[in-house]
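Side-chain atoms are counted along with the backbone in the values below, which use heavy atoms only and exclude waters and symmetry mates. Just so it is clear, the model here is predicted, and its values are computed rather than measured. Chain letters run A, B, ... following the sequence lines, proteins first and then strands; every chain starts at 1.
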Amino acid sequence: MNRSLRRFIAASVASLVLAACSTASDTSAPDTTPEDGSLAGETLVVYSGRSESLVDELFTQFTAQTGIALDVRYGDSGELASLILTEGKASPADVYFSQDAGALGAVSEVGLLAELPPDVLEQVDERFRSTSGQWVATSGRVRVVVYNPTLVATPPAGIDDLLDPQWKGKIGYAPTNASWQSFVTALRVIRGEDAARTWLEGFAANEPVPYEKNGVVRDAVNAGEVSLGLVNHYYLYEKIAAEGADAVVAKNHYFLNGDVGGLVNVAGVGVVASSAKQTAALEFVKFLLSAQGQQYFVDRTFEYPMAAGIDAYFELPKFDALNPPAIDLSDLSSIEATQQLLEEVGLLTR
Amino acid sequence: MSPRSRVPVALLVPAIIGALIALLPIIYLVDVAFDRGLAAVIDELWRERTLRLVVRSVGLTVAVTAAAVVIGTFTAWAVVLSGLRAGTMLLVVFSLSLAIPSYLSGFAWISWFPELSGFVGAFIVLSLVTYPFVMLPVAAAMRSIDPVQDEVARSLGRGPVSAFFAVTLGNVRGALTGGALLVALYTLSDFGAVAAMRYEVFTWVIYGAYRAGFNPARAAILSLVLVALALLLTWGEMRARGATAPSRLGSGLARRQRHHLSPGFSALSIGVSVIVVALGVGVPVVSAVSWLMRDSERGLSTTRLVSSILSSFQIGVFTSLATVLIALPVAITAARYRTPTTRWLERSTYVAHALPGIVIAISVVYIGIRTVPSLYQHIPLLVLAQVIVFLPLATASMRSAVEQSTASVEEVARGLGANTFATLVRVTLPIAMPGILAAAAMTMLSSVKELPTTLLLRPTGVETLATSIWTFSAVSDYAAVGPYAIALIVLSAIPVAVLTATTSRVLRAS
């Protein structure tokens with residue numbers, strides 16, 4: 001007993017020392033803005049609902065160019081929104097960068113995001129920014145039907161066609177995916193609760209096949225396991241980029257007729273109202289909307305750019321041609337009601 | 001053992017502090033839940049859906065607990081009493097199941113067997129992840145059984161099976177119910193498995209309230225239902241535990257007990273053991289290894305892997321030291337002084353274990369940022385949150401260790417003039433040391449795989465193994481997940497080894 005106890009204590013002490021060293025280096029001097037107004041040397045705390053593997057390169061570029069360091073806390077967009085709501089005015093966050101508009105809507109609703117200046121807001125189409133000016137979209141994604149042309153001659157023209165018995169058991173979807181749930185939220189907001197429930201019941205009766213994630217849905221369509229998949233537009237291009245165009249038979253069908261199925265949802269950013277570093281935080285927002293930031297999203301994620309006159313990835317329909325359904329994106333914050341409805345019609349949980 | 005009614009102040013005060021720490025989340029929950037008045041709470045709860053959630057959560061908890069008791073008792077028996085040669089080896093392998101986070105295991109299962117989603121999948125994953133909570137204390141208790149009891153029962157005409165149920169299980173009752181309680185509370189609070197299996201229980205809805213509803217008040221109200229269920233469970237367990245703790249009369253050492261098995265039964269036991277290990281450890285480990293074979297978008301960053309291992313280790317060691325220190329007074333008072341006060345103190349430490357990690361994290365955020373803002377998002381508050389999560393694991397393990405040593409030795413020490421403190425340090429603690437080490441190891445193990453409090457409370461920028469796994473699996477980059485998952489399992493092998501070593505030491509000592 002004694003020997004192992006001694007070893008255990010030795011290991012603990014060693015790690016305590018390690019910890020003490022690293023904590024000491026964490027608690028560096030408090031940030032001060034230099035007198036000359038330069039922001040270099042400032043540190044911003046970013047709560048990022050966009051994943052690290054997607055954005056850390058862009059964040060590094062920001063620091064290299066501005067000298068503003070970033071402390072990034074990655075997490076689920078919704079959890080981070082709840083975290084800011086719990087922290088309230090004491091939040092250490094300076095910037096909230098979210099995967100979807102709904103979570104931004106929830107934080108801005110209680111006044112925890114600062115109003116952005118007009119020169120920032122006006123860079124983005126007003127459909128894709130907060131109506132109260134508290135956040136802007138940084139990139140967009142459109143809902144599509146990915147289909148397998150060897151199995152499908154004419155893809156459905158709108159979501160109501162998905163209820164046709166010919167698709168019974170042949171549609172793949174990702175029940176827990178946030179973008180699918182945003183689409184259902186849009187359906188509720190645009191058509192009303194009753195009509196949304198009716199559509200979902202019809203959809204459920206058509207026995208759609210649930211998959212873990214959107215990427216798996218796409219692969220199932222490509223492999224011919226199912227004929228159609230309800231996903232975001234970029235999954236197809238990710239696969240083509242990874243495996244080459246020859247390996248991919250699946251194609252995207254875009255609803256260009258204003259159908260709810262063609263919802264455009266966005267990732268967006270807001271400045272936390274209680275932050276003492278408003279200027280630096282705004283720099284960060286401007287950087288995301290700059291040509292460099294926008295081009296990064298186009299190249300890395302195949303998403304639609306939102307500002308700076310950048311063109312979308314050449315394979316995509318022009319953004320102006322998309323004709324998405326009209327909706328205030330902040331209204332997409334009622335995701336919990338959507339989940340409850342999905343649970344009731346048996347499309348979410350078992 | 002003779003329960004004495006007066007608890008020394010030197011033990012009582014730290015025990016009360018431990019219990020209060022464990023109850024911090026309750027303060028937050030009540031504060032937030034009743035923010036809009038009692039009517040809002042009733043309105044939130046008085047729904048058909050609440051009843052459905054209670055039925056589903058309780059159903060899953062009962063099923064998982066039953067399965068974990070069966071598997072845990074069987075594995076303990078296989079390790080200690082079966083006479084299978086590989087006993088200690090088996091204990092290590094069986095315990096490894098504890099090292100595998102339910103989110104990883106859940107994901108491995110669902111990607112191989114998508115048709116399992118729902119109750120069945122959640123049941124399988126949780127039973128396999130939790131049975132060591134039963135196996136470890138029961139194995140320790142089985143080792144201290146005097147084989148004479150079994151022989152007496154056999155000589156009075158009982159068959160081997162009957163004697164097993166009457167004598168062996170009778171002797172390990174306290175360990176069994178304690179382990180079962182941990183399993184039940186863990187099941188109520190787990191999110192990883194039910195999320196992978198899309199099974200709608202309380203934690204599912206509570207996470208939904210945070211992630212999709214941005215509604216901490218609703219989450220708090222639903223969490224209070226879990227607290228009520230936890231109180232009910234701990235109360236039930238204390239009734240079932242029985243008034244007497246097992247002990248041997250007289251002095252000396254007991255012989256090691258072995259059951260002699262027929263070759264057929266022996267083969268069957270080996271077969272079942274192999275299946276348990278293959279399902280509990282094999283499925284997730286093979287998945288993790290198969291992820292390594294896939295193409296990753298990015299190369300493995302060794303720096304990040306190493307720093308993740310170090311952070312996980314560091315947080316794990318802090319958490320386990322703090323948890324053991326805080327739980328020890330509660331465990332000693334609960335084992336030695338059976339008064340209503342000590343019973344309540346012990347019960348308090350269990351309650352938070354039924355709460356999903358995110359609720360504890362958010363409550364520590366809420367309280368921490370308002371009271372000690374300078375510590376917010378630094379290691380101490382993260383450790384505090386994890387202490388709250390893991391207190392019951394440590395308390396349970398140490399309480400049964402203290403109980404198994406006879407109180408009479410302490411009385412002798414006092415009779416020889418040692419004061420309470422000296423008795424504690426020179427007699428009680430050394431005797432309970434295997435249990436204390438086991439508690440430390442179990443806490444460390446759980447801390448390393450813990451995700452929700454780490455995600456919200458770690459210092460900004462610090463990555464652990466668990467957060468790295470989360471990061472890469474969120475973007476389906478499983479090739480990148482592989483090394484972290486394997487590192488997590490390997491790192492967990494250290495506490496598992498401590499756990500096993502201490503449990504086998506109990507064996508050799510007895």
For [X], is it the side chain, the backbone, both or neither that has a heavy atom under 4.5 Å from a heavy atom of chain B?
{"X": "A:Glu87", "value": "both"}
{"X": "A:Tyr211", "value": "neither"}
{"X": "A:Ser91", "value": "backbone"}
{"X": "A:Glu79", "value": "both"}

Considering only heavy atoms, which portion of [X] lies under 4.5 Å from any heavy atom of chain A: side chain, backbone, both, or neither?
{"X": "B:Ala361", "answer": "neither"}
{"X": "B:Leu457", "answer": "backbone"}
{"X": "B:Pro216", "answer": "side chain"}
{"X": "B:Ile315", "answer": "neither"}
{"X": "B:Arg458", "answer": "both"}
{"X": "B:Leu456", "answer": "both"}

Which one, [options], leads in non-hydrogen pairs under 4.5 Å with chain B?
{"options": "A:Ser333, A:Ala242, A:Ala337", "answer": "A:Ser333"}
{"options": "A:Pro175, A:Ala178, A:Gly215", "answer": "A:Pro175"}
{"options": "A:Ser334, A:Ala90, A:Ser77", "answer": "A:Ala90"}
{"options": "A:Gln181, A:Glu109, A:Gln340", "answer": "A:Gln340"}

Heavy atoms, side chains only, cut-off 4.5 Å: are A:Pro92 and B:Gln377 in contact?
yes
Side chains of A:Thr349 and B:Tyr199, heavy atoms from C-beta outward: is any pair under 4.5 Å?
no
Please round to the nearest 0.5 Å and tell me the distance separating atom [atom1] of [X] and atom [atom2] of [Y].
{"X": "B:Ile362", "Y": "A:Leu85", "atom1": "CD1", "atom2": "CG", "answer": "9.0 Å"}
{"X": "B:Phe214", "Y": "A:Ile335", "atom1": "CZ", "atom2": "CD1", "answer": "4.0 Å"}
{"X": "A:Glu212", "Y": "B:Ser117", "atom1": "CD", "atom2": "OG", "answer": "9.0 Å"}
{"X": "B:Thr460", "Y": "A:Tyr47", "atom1": "OG1", "atom2": "OH", "answer": "5.5 Å"}
{"X": "B:Thr471", "Y": "A:Asp56", "atom1": "OG1", "atom2": "CG", "answer": "10.0 Å"}

Should we count CD of B:Glu48 as having more than 12 external heavy atoms under 6.0 Å?
no
Ion pair check, B:Arg304 and A:Glu52, cut-off under 4.0 Å
yes
Are any of the side-chain nitrogens in A:Glu343 or B:Arg49 under 4.0 Å away from the carboxylate oxygens of its partner?
yes
Quick one: closest heavy-atom pair of [X] and [Y], and the distance?
{"X": "B:Trp204", "Y": "A:Thr176", "value": "CH2-CG2, 4.0 Å"}
{"X": "B:Gly208", "Y": "A:Gln339", "value": "CA-OE1, 3.9 Å"}
{"X": "B:Ala209", "Y": "A:Glu336", "value": "CA-OE2, 3.2 Å"}

Has B:Arg198 got a side-chain atom pairing as donor or acceptor with A:Leu348's backbone, closer than 3.5 angstrom?
yes
